[in-house]
Number of protein chains: 2
Amino acid sequence: MTTKTKAPEAATLPLNQILGGDCIDVMNSLPAGSVDLIFADPPYNLQLKGDLHRPDNSKVDAVDDHWDQFSSFAKYDQFTQLWLAAAKRLLKPNGAIWVIGSYHNIFRVGATLQDQGFWVLNDVVWRKTNPMPNFRGKRLTNAHETLIWASRDEGAKYTFNYEALKALNEGVQMRSDWVLPICTGHERLKDEAGDKAHPTQKPESLLHRALIATTNPGDVVLDPFFGTGTTGAVAKMLGRDFIGIEREEAYRKVAERRIAKVRKFDSSALEITGSKRAEPRVPFGQVVERGMLRPGEELYSIGSRFKAKVRADGTLIGNDVKGSIHQVGAALEGAPSCNGWTYWHFKRDGKMVSIDILRQQIRAEMSEGRPH
Amino acid sequence: MTTKTKAPEAATLPLNQILGGDCIDVMNSLPAGSVDLIFADPPYNLQLKGDLHRPDNSKVDAVDDHWDQFSSFAKYDQFTQLWLAAAKRLLKPNGAIWVIGSYHNIFRVGATLQDQGFWVLNDVVWRKTNPMPNFRGKRLTNAHETLIWASRDEGAKYTFNYEALKALNEGVQMRSDWVLPICTGHERLKDEAGDKAHPTQKPESLLHRALIATTNPGDVVLDPFFGTGTTGAVAKMLGRDFIGIEREEAYRKVAERRIAKVRKFDSSALEITGSKRAEPRVPFGQVVERGMLRPGEELYSIGSRFKAKVRADGTLIGNDVKGSIHQVGAALEGAPSCNGWTYWHFKRDGKMVSIDILRQQIRAEMSEGRPH
DNA sequence: GAGGCTCATGAATCAGATC
DNA sequence: AGATCTGATTCATGAGCCT
């Protein structure tokens, strides 16, 4: 039997629960620096949701339109500043955040993120395959929403599963525009009356991509505007822990029922395509020490334009240049850098073979008998 | 013979000219309420640190021009507030503005527009068919830019040629995401040395669509960051008057030569993306993200000789071979290649169904909202 | 001419471990 | 903390050249 290893503070985190209350208060009550990722779908529309954290419910006269508008933007900014500050406090140093919005609010959110020192990594466009048309023909069909992906600080070592996303996209880099359908059909949750349970339920496919991209299994994902719990449902499927915060009890109930039905995917299915960067380093000297190449043996560049001789200490000498396989390759090519492993080749049975083959052999021997 | 009807103040406007100087000063010197549309491509405030090299070691020609340097967000905001205020003063009551930017600046611009009482009508995503890749594999390919379209005031009777855009889009409503290639080839202006004349020249197709959408023939279009004059060139083609403002004399000269060559209604301005394209490529990962197949589910080869398991990133694992549906199929068959879409099947109600059915479903959804 | 191949390049906030 | 070293990393398109 294995025990899941957790950071100490994680023991006090209310994992895989939906918390009631105001998200700012709740976030401020949780331990700082304890969350890997935050996914947030804050209220969008200033005009329709003007009661947002607003002390008075008085309706402003139409004459004062301009002032009201300015005033409600200011209120919205204040709200945004508060919940983003709380979110930043909760994140681990290498944590990151996603926020989704539309043109009604995303500029306020983006500017506030930047003002608070978050570092924007990408803005991502969710391009809807089946948006609601513009019925009156007065504007363009509003066919997308915008997500901002930002690390907690500039220079943070954020998580990005590049190879997994490339695999999801048939072998080419994932772009900043994601084409996905809106949430309809069976996936769309209904209330007792058969109406949609939440007005802006996000599709699981969107969360699937965001979580595969920027978390690893076992990570803690917090959603301060949990709604009907799409973030929690996908996190559970993918073997991530979640924390949901939702003010409305009706939504919490729907989300709880929903998530209880979700099953985690088989953990072998959750292994994703890994990065070469994660593989152990092999010093070229080991190739010489193990006798896979002999001192004095000659290596050839791609196309055999250059050659160099192996020395006993694992350095090369070629054209009076001495140094590592990388340094000599770079010097001969006049390039700023060079990956010597893929650049140099040796002769076996009259054929040119990349020295990277030797590195792979060493790695295979290293991993023998080791759990993976 | 017809005489072009003009508003009185238009007589004093420097129509179809490129003005030198700082755009804020120049705009403030022009008569208020005299311009129908402003198209602005302000500095993006890219914050680039060191050099960037491609995997082939070539150096990326970055935008390091002095006009894109700002010492802080606060300085950039101040600049934005000044030029947008000047722009608002210049607009007719029913005038509108377009601003283009990236995540580096667009949130600042959007928030300032809203703060100054502009009314956002749409944010439009320019999805680039051929963006520069992310060379280090550290983020998503930055494959789009964002345009904001806003009227001068809330409630303004702005111009929107709904039917013209619908026609441009093969009879369905134009969406808020526009798929257009970046500016290359003959359209890309070169200097005497044969290098690009301007680092950020916009494609004429983008301006064509914006001007068709939001102006009428004879309208006055002002561009305060004229650069090499794409806005002026397209305005002239389409029979609109333009006013360009550009600080750099070198750019003004290039723009003047360019626009002199342009003829009104030149058919080369026609949309190049309206043509029919091959069926869109569907990454297998989308089948997984959309929940059409679950991670852990088993796929079977034709005749069920082999099976493989679906993983969360859209790769398969079968007989210890990991990779795309195509790679795993080929490996199991010992074949050089394999079309995974027709090779693999899944079980539904006891029957074997080809996964190609799922691809067809996704394509059907994609074509519901046409990409152009 | 057609077709194929190589090469160049585009608004980019693009590394991480070890010494 | 700063310097040094290893070594991972690209897609679409047009121009130019060759067969």
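A, B, ... follow the sequence lines: proteins, then strands. Residue 1 opens every chain.
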Checking all strands, does Asp68(B) fall into the base, sugar-phosphate, or nothing category for heavy-atom contacts under 4.0 angstrom? base

Contact check, side chains of Val124(A) and Thr146(A), non-hydrogen atoms, under 4.5 Å: no

Is the Lys NZ or Arg CZ of Lys138(B) less than 6.0 Å from the centre of Tyr162(A)'s six-membered ring, within 45° of the axis? no

Could you give the distance separating dA8(D) and dT18(C) at their P atoms, to the nearest angstrom? 14 Å

Thr184(B) side-chain proximity, nearest of dT9(C), dC11(D), dG14(D): dG14(D)

Using atom P in both nucleotides, what's the gap between dT9(D) and dA11(C) to the nearest angstrom? 25 Å

If the P atom of dC5(D) is compared with that of dA12(C), how far apart are they to the nearest Å? 31 Å

Answer with base, sugar-phosphate or nothing: what part of the nucleic acid does Asp65(B) contact at a heavy-atom distance below 4.0 Å? nothing

With the side chain defined as heavy atoms from C-beta on, Asn134(B) is closest, among dC14(C), dA12(C), dA11(C), to dC14(C)

d(CG, Asp56(B); P, dT10(D)) in whole Å: 12 Å

Against the side chain of Asn130(B), the closest entry in dC11(D), dG16(C), dA12(D) is dA12(D)

Between P of dA12(D) and CD of Glu170(A), the distance in whole Å: 12 Å

So does Arg290(A) pair up with Glu365(A), basic N to acidic O under 4.0 Å? yes

So, is dT10(D) syn or anti if syn means the angle is within 90° of 0? anti

Looking at every strand, decide which applies to Cys183(B) at a 4.0 Å heavy-atom threshold: base, sugar-phosphate, or nothing. nothing

What interatomic distance, in whole Å, is found between P of dT6(D) and the corresponding atom of dC14(C)? 24 Å

May I have the distance from Met174(A) (atom CE) to dT9(D) (atom C1'), rounded to whole angstrom? 18 Å

For Lys202(B), which contact category applies under a 4.0 Å heavy-atom criterion: base, sugar-phosphate, or nothing? base

Atom-to-atom span, CH2 of Trp341(A) to P of dA8(D) - whole angstrom: 10 Å

Over-ring placement of Arg209(A) relative to Trp178(A), 6.0 Å and 45° cut-offs: yes

Does the side chain of Lys166(A) get closer than 4.0 angstrom to OP1 or OP2 of dT10(D) through an N or O atom? yes

Side chain to side chain, Val328(A) and Ile317(A), heavy atoms closer than 4.5 Å: no

Separation of dT18(C) atom C1' from Gln327(A) atom CD, nearest Å, is 14 Å

Indicate, with a heavy-atom threshold strictly under 4.0 Å, whether Pro336(A) touches base, sugar-phosphate, or nothing. nothing

Trp119(A)-dT13(C) aromatic stacking (under 5.5 Å, under 30°): yes

Lys276(A) has a side chain; which of dG10(C), dA8(D), dT13(C) sits nearest to it? dA8(D)

Mind checking if Arg54(B) touches a base, just sugar-phosphate, or nothing, with heavy atoms under 4.0 Å? base

Go through dG16(C), dG7(D), dG10(C) for me and flag the one nearest to the Arg359(A) side chain. dG7(D)

The residue, Asn57(B) or Arg175(A), whose nearest nucleotide of DNA chain D is more 5′ is Asn57(B)

May I ask you to verify if any side-chain N or O of Lys128(B) is less than 4.0 angstrom from the OP1 or OP2 atom of dT13(D)? no

According to a strict under-4.0 Å criterion, is Tyr162(A) in side-chain N/O contact with OP1 or OP2 of dT10(D)? yes

Arg136(B) side chain: which of dG7(D), dA11(C), dT9(C) is closest? dG7(D)

Is the closest side-chain heavy-atom distance between Arg152(A) and Tyr158(A) below 4.5 Å? no

Report the nucleotide, chosen from dA15(C), dT13(C), dT10(D), that has the shortest atom-to-atom distance to any side-chain atom of Val120(A). dT13(C)

Does a nitrogen or oxygen in the side chain of His186(B) sit under 4.0 Å from OP1 or OP2 of dA15(D)? yes

Sidechain N-carboxylate O distance under 4.0 Å for Asp177(B), Arg127(B): yes

Rounded to whole angstrom, note down the P distance from dT13(C) over to dG7(D). 27 Å

Mind checking who dC5(D) pairs with, Watson-Crick or G-U wobble, both distances under 3.5 Å? dG16(C)

Rounded to whole angstrom units, what separation is found between the CZ atom of Phe70(B) and the P atom of dT13(C)? 18 Å

Which is more 5' along DNA chain C, the nucleotide nearest Arg139(B) or the one nearest Pro131(B)? Just name the residue. Pro131(B)

Examine Arg108(A) relative to Phe107(B) and say whether NZ or CZ is less than 6.0 Å from the centre of the six-membered ring and inside a 45° cone about the ring axis. no

Provide, to the nearest angstrom, the distance between the CG atom belonging to Asn94(A) and the C1' atom belonging to dA15(C). 13 Å

For DNA chain C, whose closest nucleotide is more 5', that of Phe73(B) or that of Lys157(A)? Phe73(B)

Of the nucleotides dA8(D), dG10(C), dT6(D), which has the atom closest to the Asn339(A) side chain? dA8(D)

Closer than 4.0 Å, any side-chain N/O of His326(A) to the OP1 or OP2 of dG7(D)? yes

Partner of dA11(C) by Watson-Crick or G-U wobble geometry, both contacts under 3.5 Å, or none? none

Nearest to the Ser324(A) side chain among dG16(C), dT6(D), dA12(C), which nucleotide is it? dT6(D)

Rounded distance (Å) that lies between atom P of dA11(C) and atom CD of Gln47(B): 19 Å

Any side-chain N or O of Arg188(B) below 4.0 angstrom from OP1/OP2 of dA11(C)? yes

Answer for the Watson-Crick or wobble partner of dG3(C), both distances under 3.5 Å, is dC18(D)

For Arg54(B), is there an ion pair with Asp56(B) - N to carboxylate O distance below 4.0 angstrom? no

So, under a plain 3.5 Å distance rule, would you say the side chain of Ser337(A) forms a donor-acceptor pair with the base of dA8(D)? yes

Describe the nucleic acid contact of Gly340(A) in one word from base, sugar-phosphate, nothing, applying a heavy-atom distance below 4.0 Å. nothing

Please confirm whether the backbone N or O of Glu145(B) pairs with a side-chain atom of Tyr103(B), one donor and one acceptor, at under 3.5 Å? no

Any base atoms under 4.0 Å from Gln173(A), or only sugar-phosphate, or nothing? Heavy atoms, all strands. sugar-phosphate

Which part of the nucleic acid, if any, lies within reach of Glu163(A) when heavy atoms closer than 4.0 Å are counted: base, sugar-phosphate only, or nothing? sugar-phosphate

Does a side-chain N or O of Lys196(B) approach OP1 or OP2 of dG10(C) to a distance below 4.0 Å, or not? yes

From dT13(C), dT9(D), dA11(C), nucleotide with atom closest to Leu48(B) side chain: dT13(C)

